[in-house]
Protein chains: 2
Amino acid sequence: MNRSRNLKTTRVRSRGRPVDEDARLVRRNRILAAARASFAAEGFHATSTATIARAAKLSVANLYQYFPSKDDLVLALVQQDLQADIALVVELGRQGPFPRAVESVLHGVLEERGKDEDGFRLRLEILAEATRNVAVRRALASAEAQVIQLLADQVGEAQSRGEVGREESPETIARLLYLLADGAASTADATTSDGRRSIEAVARLIARVLGPGK
Amino acid sequence: MNRSRNLKTTRVRSRGRPVDEDARLVRRNRILAAARASFAAEGFHATSTATIARAAKLSVANLYQYFPSKDDLVLALVQQDLQADIALVVELGRQGPFPRAVESVLHGVLEERGKDEDGFRLRLEILAEATRNVAVRRALASAEAQVIQLLADQVGEAQSRGEVGREESPETIARLLYLLADGAASTADATTSDGRRSIEAVARLIARVLGPGK
DNA sequence: GTCTATAGGGGGATAGAC
DNA sequence: GTCTATCCCCCTATAGAC
């Protein structure tokens, strides 16, 4: 739609014509959403471009007008997902005064596993892919560093407010939270009620020992 | 080698002829070793049977005499690897009196990541595969339950010896250790010296808070 | 901009010779 | 028991019509 038919010139560059950028973005996001569901269901390598195109309701050739290769599509999705992870951690860390925020983080991770199963499958897929794909590895390492830094900042502020003991550095505590969240996100039986109960117990234990000096 | 040429009958069953079972086992293990390296390098789905056969120095058709399908080969490897994980955790938990054994577990996991990189890549691959392959999922859930149970037993004994406080149940503490180990095994920057240092600090923190009553 | 059709290359698995 | 040769399907990516 909105085709200009009086301009049949082959190249129309650098004179910022509209070109329906909005429609392009909408379609791009539709592809990403389809790719997300497909990759989560079958993994990056077992998912064909045809499957994604079908889910996004366009042709394979058209898909290649939006992403130059399957690898580029994978990377775009990885970056989008890592950003969501960062946002989740930050959001969770803000819930309540700090030692209890630890419980919020772990509890929130478990909640998310129920609500956004695709997100957690994708996360495992990204961890595995990072061991062999350089671009994915870089994106993951960067996101990881950001999350730990953000957590450390939150812990530092909580220490200033006297909500968390000063026996350990903010970095160490942040790392501890990250390891626990990582574990809770990967553990197979976090989908069973027994598994979730145990993880919540761990969260309470950690919150208790992190409290202000005894 | 050792071919019997006077028995050209098609089926030689149930009259337990030698049939060189030993050679068969050797070859089977050579295939598993080749598959392990190949799967770790490229992942289950991106690795072709031709790649594995080449690495094991036999033909694809011959490989199919040992494993009826690629899926069966994957599953055999998964089970072998999960057994190794269990053995590792048990071994690590035995090193030293308990609160310090926590440090041994995390330290040992980091050591292993350096020594057996293939093992850790495979572990991520297994976690991802478990989300879509029922047989792999079952094997993983079973191994996970075993590891947590073994850890809980060790913690319980340590509590009897007064090495660990009784404020928390053995199961909760075991789960905590499992989550940390899981996190340490997945975390991308556990391969950097900064990352390792932080994780060791976490281990010390946990060992300290688990010590016998204050 | 979007499509259909197809190129060009591997993939898993097996038949049949030796 | 092991191999070579091959079947048949599906993959990523592109050419060219509309």
Side-chain angles (χ1 to χ4, degrees), chain A residues 1-13 17-31 34-35 38-39 42-77 133, chain B residues 1-13 17-31 34-35 38-39 41-77 129 133:
Chain A
M1 51 193 76
N2 201 11
R3 309 246 189 91
S4 57
R5 60 189 51 189
N6 52 342
L7 283 170
K8 299 197 68 172
T9 54
T10 46
R11 298 198 289 141
V12 186
R13 296 167 18 82
R17 225 189 7 150
V19 197
D20 221 341
E21 298 277 0
D22 284 357
R24 233 187 124 71
L25 205 58
V26 166
R27 200 160 251 241
R28 193 188 136 98
N29 284 334
R30 211 172 71 209
I31 296 171
S38 307
F39 285 146
E42 306 179 51
F44 292 140
H45 293 282
T47 301
S48 71
T49 50
T51 300
I52 299 168
R54 209 176 306 121
K57 296 185 186 178
L58 41 70
S59 71
V60 172
N62 196 1
L63 186 155
Y64 274 89
Q65 301 290 329
Y66 290 83
F67 297 93
S69 74
K70 188 185 169 184
D71 272 0
D72 288 281
L73 175 52
V74 166
L75 187 59
L77 192 71
N133 180 324
Chain B
M1 49 192 74
N2 201 11
R3 309 244 188 92
S4 58
R5 61 189 51 189
N6 51 343
L7 284 170
K8 300 197 69 173
T9 53
T10 44
R11 298 198 289 141
V12 186
R13 297 170 10 86
R17 227 199 355 161
V19 198
D20 221 341
E21 297 277 0
D22 285 357
R24 232 187 125 71
L25 204 59
V26 167
R27 199 161 251 241
R28 193 189 136 98
N29 284 332
R30 211 173 71 210
I31 296 172
S38 306
F39 285 146
E42 306 179 54
F44 293 139
H45 294 281
T47 300
S48 70
T49 51
T51 300
I52 298 169
R54 210 177 304 121
K57 296 187 185 175
L58 42 70
S59 70
V60 172
N62 197 1
L63 187 154
Y64 275 89
Q65 300 292 326
Y66 291 83
F67 297 92
S69 74
K70 188 186 170 184
D71 271 0
D72 288 280
L73 175 52
V74 166
L75 186 59
L77 193 71
E129 186 66 15
N133 181 323

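Naming convention: chains lettered A, B, ... in sequence-line order (proteins, then strands); numbering from 1 in each chain. What's counted below: heavy atoms across the whole structure, side chains too, no hydrogens, waters or symmetry copies.
As rounded to whole Å, 13 Å separates atom C1' of C/dA13 from atom CG of B/Asp72. Atom-to-atom, CG of B/Asn62 to P of D/dC3 comes out at 5 Å; the value is rounded to the nearest Å. Rounded to whole Å, atom C1' of C/dG11 lies 14 Å from atom CG of B/Leu63. Atom CZ in A/Arg24 sits roughly 8 Å away from atom P in C/dT2 (whole-Å rounding). Taking atom CG on B/Leu73 and atom P on C/dG11, their separation rounds to 15 Å, with Å as the unit. One atom, CZ of A/Phe67, and another, P of C/dT2, lie 13 Å apart when rounded to the nearest Å. Rounded to an integer number of Å, the gap from A/Ile31 CD1 to C/dG1 C1' is 12 Å.
Looking at A/Leu73 and A/Tyr66, their side chains never come closer than 4.5 Å, going by heavy atoms from C-beta outward. For the pair A/Arg27/A/Arg30, a side-chain contact is recorded, criterion being any heavy-atom separation below 4.5 Å from C-beta on.
Contacts of A/Tyr66 with the nucleic acid, taken as non-hydrogen atoms under 4.0 Å apart, involve only primed sugar atoms and P, OP1 or OP2.
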Legend entry - Sugar-phosphate or base contact per nucleotide [nucleotides 8-18 of chain D; S, B, -; heavy atom under 4.0 Å]: ---SSBBB---
Inset, instruction - Begin with the C-alpha distance, continue with both residues' side-chain angles, and end with the deciding distance and a verdict on side chain to side chain contact (heavy atoms under 4.5 Å, CB included) for A/Lys70 and A/Phe44. - result: CA-CA 9 Å; A/Lys70 188 185 169 184; A/Phe44 292 140; 5.7 Å; no
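Remark: B/Arg27 is in phosphate contact with D/dT2, judged by side-chain N or O atoms under 4.0 Å from OP1 or OP2.
Put simply, the side chain of B/Thr47 gets close to the backbone of B/Ser38: a donor and an acceptor are under 3.5 Å apart.
Taking every heavy atom of both residues into account, B/Ser59 and B/Ala53 meet most closely at C-CB, 3.9 Å. Closest heavy-atom contact between A/Ser69 and A/Tyr64: CA-CE2, 3.9 Å.
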